[in-house]
Amino acid sequence: MAMDDLVEGIGRRLASRTTRRTLLGRAAKVGVLVAGGPALASLLVERAEARECGQSGVSPKCPTFDCIGPGSVWGWCWYASPGCCAGGGLKKICDCCTAGWPNVHGYCPSGHNVRCMVESCHADPRVMYVPVLRAPGLTGPSVAAARARLGAAGSGGVVVIGDADEPLLAAVAAAVSGGIGAALLLTPRDRLAAAVPAEIQRRKATSAIVVGATVPTTFDEELKAYGITSIERIGEGFNLEAMSV
């Protein structure tokens, strides 16, 4: 799949969501970079958009860790605030979706709505099977850099650079990095974040994928000065307005 196709696909998914997307715009003291599917990594924040530790108050909790029954499929999963589980851990929550169910759409496939929500604090491997890594920071760029530093030094390869000033564009860059298994780095538009060249040098990266037209091309020469020999720009026609509907 071409990179632009991936960006476009993620954009359509985000545009179709009307719930929980404001998570991406919340300010937070601690951020966690988590995987929410095979090619989606979302920058979540300390305060979850929910009434109590991930429960929305709209859908009931599923009686088991299963999502079974006629027309039922798993939807997307997300994480609630640190502190929801014993020892201050995160709670993982997954939508269990049923075709034509009379409830909110949530994170369900087309034609399906949320029947109930499956929650886990490491209680069942079918739900909580992905390790959670904490990446503390005060800003999007610092959280992304903290997560990137968990990777091996001197590994080379590619880094993905996204726009830190627009949370939705940062989420698209996260999706790209998750899709190709590359480190995600975020930068504001007025200057190249110091963490970007630092991580490039630490990894000895030689290639960069810049997501979106809002990351200035004036950064290219600076990236080259720190060892980047190949710069690919994707998603320059990305429709941010459609994502924000």
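Note that the coordinates shown come from a computational prediction; the quantities given were computed from them, not determined experimentally.
Annotation for Val118 and Asp66: closest pair CG2-O, 3.9 Å, computed over non-hydrogen atoms. Minimum interatomic distance between Leu185 and Ala195 (heavy atoms only, all atoms of both residues): CD2-O, 4.5 Å. Considering every non-hydrogen atom in both Leu192 and Thr187, the closest pair reads CA-OG1, 3.3 Å. The shortest non-hydrogen separation linking Cys94 to Trp74 is CB-CZ3, 3.6 Å.
The CD1 atom of Ile209 sits 9.5 Å away from the OG atom of Ser177 when rounded to the nearest 0.5 Å. Atoms CH2 and CG, from Trp76 and Asp95 in turn, are 12.0 Å apart once rounded to the nearest 0.5 Å. Rounded to the nearest 0.5 Å, atoms SG (Cys97) and OH (Tyr107) are 12.0 Å apart.
Residues Val158 and Val172 share a hydrophobic cluster, clusters being chains of Ile/Leu/Val/Met/Phe/Trp/Tyr side chains in contact below 4.5 Å. There is a path of hydrophobic side-chain contacts, each under 4.5 Å, that joins Phe219 to Val159.
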Donor-acceptor pairs under 3.5 angstrom involving side-chain atoms of residues 196-203: please list them, not counting sequence neighbours.
| from | atom 1 | to | atom 2 | distance (Å) |
| --- | --- | --- | --- | --- |
| Glu199 | OE1 | Arg202 | NE | 3.0 |
| Glu199 | OE2 | Arg202 | NE | 3.3 |
| Glu199 | OE2 | Arg202 | NH2 | 2.8 |
| Glu199 | OE2 | Arg203 | NE | 2.7 |
| Arg202 | NH1 | Gly151 | O | 3.2 |
| Arg202 | NH2 | Ala148 | O | 3.3 |
| Arg202 | NH2 | Gly151 | O | 2.9 |
| Arg203 | NH2 | Ala148 | O | 2.8 |

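The closest donor-acceptor contact from the side chain of Asn103 to the backbone of Val114 lies under 3.5 Å. A donor-acceptor pair under 3.5 Å links the side-chain atoms of Thr229 to the main chain of Thr206, judged by distance alone. Judged by distance alone, the side chain of Asn113 and the main-chain N or O of Trp101 form a donor-acceptor pair under 3.5 Å.
Evaluation of the side chain to side chain contact (heavy atoms under 4.5 Å, CB included) rule for Lys224 yields Glu221, Ile231 as partners, not counting sequence neighbours. Evaluation of the side-chain hydrogen bond (donor to acceptor under 3.5 Å, both in side chains) rule for Asp165 yields no partner, not counting sequence neighbours. Under the side chain to side chain contact (heavy atoms under 4.5 Å, CB included) criterion, Thr214 pairs with Asp163, Leu169, Arg189, not counting sequence neighbours. For the side chain to side chain contact (heavy atoms under 4.5 Å, CB included) test, residues two or more places apart in sequence or in another chain that qualify with Thr217 are Asp220, Arg233. In terms of the side chain to side chain contact (heavy atoms under 4.5 Å, CB included) criterion, residue partners of Ser230 (sequence neighbours excluded) are, by chain and number, Ser207.
Counting only N and O atoms by type, the side chains of Ser72 and Thr98 include a donor and acceptor under 3.5 Å apart. Ser59 and Arg115 share no side-chain donor-acceptor pair at under 3.5 Å.
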Practice item. Report the C-alpha distance between Cys67 and Cys96 in whole Å, list the side-chain angles of each, state the deciding distance to 0.1 Å, and finish with yes or no for disulfide (SG to SG under 2.5 Å). Key: CA-CA 5 Å; Cys67 180; Cys96 177; 2.1 Å; yes

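Side chains of Lys61 and Glu119 form a contact here, defined as non-hydrogen atoms less than 4.5 Å apart.
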